[in-house]
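Just below is one structure, and these are the notes that go with it.
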Amino acid sequence: MDLHCHGALGHSFDDADAAGVAAAVAFHRAHGSSAVMLSLVSASIERLADRMTELRRILPDIPGAMGVHLEGPFLAPGRRGAHDAGALAAPTPEAVRTLLAAGDGILRQITIAPELPGALAAVQAFTEAGVVVAVGLTEADHSTALAAFDRGARLLTHAFNAMPGLHHRDPGPVGAALERDDVVLELIADGVHVHPALIRTVFAAAPGRVALVTDAISATGLGDGVYALGDLAVDVTGGRPVLRGTDTLAGSTLTLDRAVEVCLRAGVPDAEVRAAVSTVPARVLAGGWATPG
């Protein structure tokens, strides 16, 4: 189960037609993901609402499509990563209502930077509507991240990436997630986004609370070249995607089976790795949680 995936085989979930969405999901299903969450990058509220309306018609006919994850547009400008700065927005009550209405039945997850004005109220509104809220692409300090978890957020989007690091005097959002037994940390285990030594450390620090994700973009399954992520150009070299003209990582070309291999090679116990692609993400979506014994 992959909670964070943007596409494959040249098809992006942001704009692919039904055949393209089906092909991308089928590719990931053939590479370890029996169920795939369709992640959309930041866009205008209207564009995201229109796309979710389209996907409401498409998804019931696609085996393995779990629903939609909005990775934005409520993100910190300085931590937006590969998201278009012009597409970012404030989490106003009107924007929240619009997205909830358009995503009725398919919106399962959303990433929010909790330090934005109105963000904590948005976290609570989405949570009360049954949408999993993730803290991510954020400048939040430790206390602000904890405030978001107190309001109902229970996931950390691709831990360590697009957020302040884990500092011994300022533990930031990663430290906040580690100390909360009801919060799961996403990890992109491709050996690029997070060092194998740190992958092993996170599993040890948060047993039963790590979910492996791919954050795979449309270039996944294809060779090197130029691709699109939303409205931005991405160069892929040696399987490593970056925003054109920068060294900013733009998702990955990872598949879940390869993420499992990376973790096992890093020395993570087999049972922990298997849980990170099955029972842990399933519990996140189910809304229930029991601290591992």
Please check: side-chain N/O of Arg154 versus main-chain N/O of Val284, any donor-acceptor pairing under 3.5 Å?
yes
Counting only N and O atoms by type, is there a donor-acceptor contact under 3.5 Å from the side chain of Arg51 to the main-chain atoms of Phe13?
yes
Measure the shortest side-chain to side-chain distance between Asp215 and Glu71 over non-hydrogen atoms and say whether it is less than 4.5 angstrom.
yes
For atom CZ of Arg274, is the number of surrounding heavy atoms from other residues, nucleotides or ligands below 6.0 Å larger than 12?
no
Using the rule that two of Ile, Leu, Val, Met, Phe, Trp, Tyr join whenever any of their side-chain heavy atoms come within less than 4.5 Å, decide whether Val268 and Val210 are in one cluster.
yes
Should the pair His6 and His4 be assigned to parallel (<30°), tilted (30 to 60°) or perpendicular (>60°) ring geometry?
perpendicular
Sequence neighbours excluded, which residues qualify as salt bridge (Lys or Arg N to Asp or Glu O under 4.0 Å) partners of Arg240?
Asp247
Under 3.5 Å, side chain of Arg108 to main-chain N/O of Met66, donor-acceptor pair present?
yes
Could you check whether any side-chain N or O of His83 sits under 3.5 Å from a backbone N or O of Ser42, counting only pairs where one atom can act as donor and the other as acceptor?
yes
May I have the step-by-step check of side-chain hydrogen bond (donor to acceptor under 3.5 Å, both in side chains) for Thr220 and Thr253, ending in yes or no?
CA-CA 4 Å; Thr220 306; Thr253 57; 5.4 Å; no
With heavy-atom distances below 4.5 Å as the criterion, would you say the side chains of Pro73 and Ile45 are in contact?
yes
Near Arg47 CZ, under 6.0 Å, is it more than 12 heavy atoms from other residues, nucleotides or ligands?
no
Do Thr138 and Glu115 have side-chain N/O donor and acceptor atoms under 3.5 Å apart?
yes
Is a donor on one side and an acceptor on the other found under 3.5 Å between the side chain of Thr53 and the backbone of Ala49?
yes
Is the closest side-chain heavy-atom distance between Leu285 and Leu3 below 4.5 Å?
yes
Quick check: do Glu186 and Pro281 have side-chain heavy atoms less than 4.5 Å from each other?
no
Is there side-chain contact between Ile199 and His195, with heavy atoms separated by less than 4.5 Å?
no
Given side-chain hydrogen bond (donor to acceptor under 3.5 Å, both in side chains), test Thr144 with Asp141 step by step and report yes or no.
CA-CA 5 Å; Thr144 303; Asp141 59 14; 2.7 Å; yes
Does a side-chain heavy-atom distance below 4.5 Å link Leu222 with Leu9?
yes
With no hydrogens and no angle check, is any side-chain donor or acceptor of Arg244 less than 3.5 Å from a backbone partner on Asp235?
no
Are Leu116 and Leu100 in one and the same hydrophobic cluster, where Ile, Leu, Val, Met, Phe, Trp and Tyr link if side-chain heavy atoms are under 4.5 Å apart?
yes
Side chains of Asp2 and Thr214: is there a donor and an acceptor less than 3.5 Å apart?
yes
Would you say the side chain of Ser33 lies within less than 4.5 Å of the side chain of Met1, judging by non-hydrogen atoms?
no
Is the backbone of Val183 close enough, under 3.5 Å, to the side chain of Arg209 for a donor and an acceptor to pair up by distance?
yes
Can any side-chain N or O of Asp14 pair as donor or acceptor with the backbone N or O of Val41 at less than 3.5 Å?
yes
Applying side-chain hydrogen bond (donor to acceptor under 3.5 Å, both in side chains) to His69 and Ser39, what does each step give before you reach the verdict?
CA-CA 4 Å; His69 160 222; Ser39 297; 2.8 Å; yes
